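When a ligand or atom number is given, it counts from 1 through the structure's own listing order. Remember, predicted model here, so these are calculated numbers, not experimental data.
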Amino acid sequence: MATLFDNTLKRLIEAAEHLDLDPRFLEKLKNALEMTQARLPIRMDDGSTKSFLAFRCRYDDSLGPTKGGIRFHQQVNGDEVMALALMMTSKCAVMDLPFGGAKGGVMVDPHSLSNMEHESLSRAYVRAFAHVIGPDRDIPAPDVGTNEKTMAWMMDEYSTIVGKRTPAVITGKPVALGGSLGRDDATARGAYNIIEHKARTLGLKRGARVAIQGFGNAGMHMAQLMAADGYKIVAASDSKGAVHAPAGFDIGELLAAKLHGGNVTSMAGSAGVSEIPGDELLAVDCEVLVLAALENMVHKGNAGSIKARLIVELANGPVTPEADEVLKAMNVVILPDILTNAGGVTVSYFEWVQNREGDRWTLDQVHARLKTAMEREADAVWAYAREKNITLRTAAYVLALSRIAAAMEALGTDKF
Ligand code: NAD
């Protein structure tokens with residue numbers, strides 16, 4: 001069976017067919033630059049010691065120091081980390097950021113850790129990978145299972161190791177420690193910037209019905225932004241199940257149910273709301289489907305049940321290549337992950353710039369610069385898609401590859 005890495009590489013190889021590319025560039029991108037694995041032993045609250053397997057992959061640094069999140073999840077593995085690092089390489093290139101791509105992860109269920117154990121594991125991760133990361137080498141950020149508190153501990157540990165305060169080593173920090181304003185909802189806001197910018201081309205009107213798979217950080221912010229502008233959120237799911245409200249949720253109630261009840265199903269039983277099995281969310285009647293959970297959620301077996309005409313990929317790799325084919329035949333438009341969810345890494349880049357300049361931008365500055373960047377690169381992707389008659393996903397990979405190849409070319413042949 002094809003792995004997530006196989007699927008990601010396949011997309012890059014397909015894109016290469018649309019470029020007059022020196023084959024050595026693609027050959028180089030078939031392997032990661034650096035993949036490090038470590039065992040992290042930590043003392044648990046009950047006095048016992050447990051070891052966790054951890055990874056950091058720097059996939060390619062042609063465009064600059066590598067950048068990518070750290071995931072704490074029980075299913076983390078080397079293939080997934082490498083695939084996500086390759087996606088980050090493409091994502092930074094699509095956004096024209098001066099970064100290569102990386103990713104990290106620890107195989108752990110973060111919900112099983114106490115606050116103190118989470119801190120110990122975060123600090124142990126930095127001790128193990130201190131020689132890999134650095135503000136000019138590799139800059140981590142949060143991902144699934146990690147948050148701004150994790151980033152604060154990691155920045156503090158790194159600063160202790162190198163003997164100087166180094167905020168630019170990591171992004172997604174609390175604002176009090178040099179985090180950027182606007183980082184919390186940047187992923188969803190960036191995606192929403194594209195939706196609004198391209199609404200007419202997409203035939204989308206405010207008031208359209210939206211289903212959201214994965215009501216977590218990215219999904220909740222997306223729901224808030226869309227509902228505030230009149231879109232109707234009609235379904236939402238998380239790992240525990242899904243709820244459906246054909247007439248639209250009161251978004252305040254839905255957010256409160258998730259935040260206080262722990263999952264969206266605690267909303268079931270309210271007027272006009274019914275609980276449905278999680279996998280039925282895809283088949284709900286709606287115009288827009290937001291995928292904000294994990295990888296490979298839409299596959300050959302369930303793609304055909306989708307009713308939406310537009311899919312918004314907030315998650316990384318939520319649609320398999322086989323499902324892409326099914327959805328293409330159904331004329332469903334997909335806003336691809338490496339462009340659509342790049343608002344997070346773009347504001348991470350803003351944070352890195354502010355840290356290096358010892359500056360702080362206002363929220364308005366961050367929002368304005370994010371909007372400019374998202375609209376500029378969305379236009380570039382759409383232009384490639386039109387010119388070459390390819391999907392937006394392939395066009396995004398073509399744009400990414402052309403920029404990475406230009407950097408490789410400029411670096412000269414001695415890098416091969
Ligand atoms: P999160 O952990 O806050 O949210 C994920 C949500 O998905 C949770 O509510 C979880 O319960 C739900 N989920 C898990 N399994 C599910 C299933 N089988 N069905 C339905 N829901 C399920 O994580 P997040 O930060 O919101 O990230 C979500 C996705 O977006 C990931 O793929 C991540 O890599 C990607 N992403 C996030 C950011 C960001 O800034 N947060 C940036 C870029 C990409």
Under 4.0 Å from a heavy atom of [X]: which atoms of ligand 1 are those, numbered in the order shown and with their elements?
| X | value |
| --- | --- |
| Phe215 | 9 (O) |
| Ala293 | 7 (O), 13 (N), 21 (N), 22 (C), 28 (C), 29 (C), 31 (C), 32 (O) |
| Ala218 | 26 (O) |
| Met297 | 17 (C), 18 (N), 19 (N) |
| Asn341 | 43 (C), 44 (C) |
| Leu314 | 30 (O), 35 (C), 36 (N), 44 (C) |
| Asp143 | 33 (C), 34 (O) |
| Ala315 | 29 (C), 30 (O), 32 (O), 35 (C) |

With respect to Phe72, which candidate in Asp109, Thr146, Asp143 satisfies the side chain to side chain contact (heavy atoms under 4.5 Å, CB included) definition? Thr146

Any heavy atom of Lys258 closer to ligand 1 than 4.0 angstrom? yes

Could you check whether any heavy atom of Ala292 sits closer than 4.0 Å to an atom of ligand 1, since that is the contact criterion I want to use? yes

Of Ser239, Gly262, Gly278, Gly69, the one whose closest heavy atom lies nearest atom 15 (N) of ligand 1 is Ser239

Any chance the rings of Tyr397 and His18 have centres within less than 6.0 Å? no

Would you check the N or O atoms of Thr187, main chain and side chain alike, for any that come under 3.5 Å of an N or O of ligand 1?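 Yes, since at least one N or O of Thr187 sits under 3.5 Å from an N or O of ligand 1.
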
Heteroatom distance test (Lys91, ligand 1): nitrogen or oxygen, under 3.5 angstrom: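 Between Lys91 and ligand 1 (N or O atoms, distance only) the closest approach is not under 3.5 Å.
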
Counting only heavy atoms from other residues, nucleotides and ligands, does the tally under 6.0 Å from CE of Met330 exceed 12? yes

Kindly check if the number of other-residue, nucleotide or ligand heavy atoms within 6.0 Å of NZ (Lys388) is above 12?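 Yes.
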
Which bit of Arg183 is near ligand 1, meaning a heavy atom under 4.0 Å away: side chain, backbone, both or neither? side chain

Lys240 contact mode with ligand 1 (heavy-atom cut-off under 4.0 Å):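 For Lys240, no heavy atom sits under 4.0 Å from ligand 1.
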
In Å, rounded to the nearest 0.5 Å, how long is the span from NZ of Lys10 to OG1 of Thr320? 9.0 Å

[atom]: nearest protein contact (heavy atom, Å):
| atom | answer |
| --- | --- |
| atom 34 (O) of ligand 1 | Asn316 ND2, 2.9 Å |
| atom 2 (O) of ligand 1 | Val144 CG1, 3.9 Å |
| atom 4 (O) of ligand 1 | Gly216 CA, 3.3 Å |
| atom 41 (N) of ligand 1 | Asn217 ND2, 3.5 Å |

Only residue of His221, His367, Gln224 satisfying side-chain hydrogen bond (donor to acceptor under 3.5 Å, both in side chains) with Arg189 is His367

Arg183 with Glu351: basic N within carboxylate O range, under 4.0 Å: no

Test your reading of the model: is there a side-chain donor-acceptor pair from Glu117 to the backbone of Ser114, 3.5 Å cut-off? yes

Whether Trp352 and Phe99 hold their rings parallel, tilted or perpendicular, with breakpoints at 30° and 60°: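 The arrangement is perpendicular - the two ring planes meet at more than 60°.
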
Ring geometry between Phe129 and His131 (parallel below 30°, tilted from 30 to 60°, perpendicular above 60°): parallel

Would you kindly say whether Asp364 and Thr362 are connected by a side-chain donor-acceptor distance under 3.5 Å? no

